[in-house]
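Since the structure comes first, as structure tokens, the remarks are kept for the end.
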Amino acid sequence: MTRDRAFQPILRLVALALVSSGFAVGLATAPPAAAAEDPCAVEVAAYDAALGERIEADGRAQAALNDAVQAGAHAMEAQLKEAEALTNVTLTAGYVEDARAALVPFERAITGAKHHVRLAKAKLVKAKAVKARTKTAKVKKAARVKRATKALVKARSAQARATKAAAGPRRVLAGNVAQASAYKVAYARLAAERKVADQASALADAALAAARADQNLYLGAYFAADAALTQCRTMHPV
């Protein structure tokens, strides 16, 4: 009995220690108090969403602007090329007309030479067709044939010289015509490319206008969300 009484203070200390330890563990493992909810959570979410959409709309507008600038540059370049090709067509058309005008005297000389050849041939045929029965007549006929033959040779030589003289101007004309034809083909191709470039530029401008309208729409939504959040923070300061 005396022995139990002696151990009672020790048992009380142990029990007190166990109770204190359990209480501390309970405090450590107890769930924390629920954080206070943000009264502007809806406005914050709406602001974040509006900001993200505005950034995306700004990106789309910038991309559309870059495309429109690039398409406009291509269209301008195509217009310059077309204008240059048209200038070449006009110039070469003038060169062709000048070459044709320069060739006219040579062509006339060739025509005249051919006419003289025809006349000389006719005289030779006529001289050969004369019937000569007497010796005197035969001598006269031979002289006429000789003169007609000589005139024909001379006329053919003149025709050859005229043809040779016209060779240079003819080459110039042929070269100008070929060049003019090439420039016409190039102009037609560049005109078609310019038309395509103009259409692409118009489409890019339309896309830019749509992107800017979309940008303004999301910008307005962003300002509205920002105003709503500002008003909520004024009413519920953090």
Side-chain angles (χ1 to χ4, degrees), residues 66-205:
N66 295 337
D67 293 341
V69 170
Q70 187 176 6
H74 287 324
M76 181 62 68
E77 183 180 1
Q79 291 173 5
L80 292 176
K81 288 182 177 180
E82 181 191 15
E84 182 180 0
L86 181 59
T87 301
N88 292 332
V89 169
T90 304
L91 289 176
T92 51
Y95 296 156
V96 169
E97 293 301 321
D98 292 342
R100 282 177 179 166
L103 185 59
V104 169
F106 297 93
E107 295 290 351
R108 287 177 179 172
I110 292 174
T111 302
K114 288 181 178 179
H115 180 66
H116 288 121
V117 168
R118 286 194 297 268
L119 291 177
K121 284 182 178 180
K123 287 182 179 180
L124 179 58
V125 170
K126 186 177 180 180
K128 289 181 177 181
V130 173
K131 295 181 179 181
R133 295 184 175 84
T134 63
K135 185 177 181 181
T136 304
K138 290 180 180 179
V139 171
K140 289 182 178 180
K141 178 180 179 180
R144 287 180 181 176
V145 170
K146 185 177 180 180
R147 286 194 302 269
T149 303
K150 187 176 180 180
L152 179 58
V153 171
K154 186 177 180 180
R156 284 176 174 172
S157 298
Q159 181 182 357
R161 287 193 302 270
T163 302
K164 185 177 181 181
R170 281 177 172 176
R171 283 195 298 270
V172 172
L173 177 60
N176 289 342
V177 169
Q179 189 177 30
S181 298
Y183 279 131
K184 285 180 180 178
V185 172
Y187 170 71
R189 176 178 57 82
L190 292 174
E193 291 179 359
R194 189 268 311 159
K195 186 176 181 181
V196 173
D198 285 347
Q199 291 176 349
S201 179
L203 291 176
D205 289 342

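Sorted by first and then second residue, the side chain to side chain donor-acceptor pair (under 3.5 Å) pairs involving residues 178-187 (not counting sequence neighbours) form an empty list. Pairs of residues two or more places apart, or lying in two chains, never qualify as salt bridge (charged side-chain N to carboxylate O under 4.0 Å, His left out) while including a residue from residues 145-161. Residue pairs meeting the salt bridge (charged side-chain N to carboxylate O under 4.0 Å, His left out) criterion with at least one partner in residues 100-125, sequence neighbours excluded, are Glu97-Arg100, Glu107-Arg170. Within the structure, salt bridge (charged side-chain N to carboxylate O under 4.0 Å, His left out) pairs that include any residue of residues 67-88 comprise Glu77-Lys81, Glu82-Arg194 (at least two apart or interchain).
Scanning for side-chain hydrogen bond (donor to acceptor under 3.5 Å, both in side chains) contacts around Gln79 gives Asp198, with sequence neighbours left out. Listed by chain and number, the residues in a side-chain contact (heavy atoms from CB on, under 4.5 Å) with Tyr95 are Leu91, Thr92, Asn176 (sequence neighbours excluded). Every residue was checked against the side-chain contact (heavy atoms from CB on, under 4.5 Å) condition with Ala200, not counting sequence neighbours, and none meets it. Looking at residues two or more places apart in sequence or on another chain, you find a side-chain contact (heavy atoms from CB on, under 4.5 Å) between Asn66 and Gln62. Take Val145 and apply the side-chain contact (heavy atoms from CB on, under 4.5 Å) test, not counting sequence neighbours, and it matches Leu124, Ala127, Lys128, Lys141, Thr149. Judged as a side-chain hydrogen bond (donor to acceptor under 3.5 Å, both in side chains), and not counting sequence neighbours, Arg144 has no contacts. Every side-chain hydrogen bond (donor to acceptor under 3.5 Å, both in side chains) that Arg189 has, sequence neighbours left out, goes to Glu193.
The two residues Ala75 and Ser201 make their nearest non-hydrogen contact at CB-CB, 4.0 Å. Summarising the geometry of Ala204 relative to Ala68, their closest heavy-atom pair is CB-CA, 3.7 Å, with the distance given to 0.1 Å. Nearest heavy-atom pair, Leu152 versus Val117, reported as atom, atom and distance to 0.1 Å: CD1-O, 3.6 Å. Ala166 approaches Leu103 most closely through the heavy-atom pair O-CD1, 3.9 Å.
Atom CE of residue Met76 and atom NE2 of residue His74 lie 13.0 Å apart, to the nearest 0.5 angstrom.
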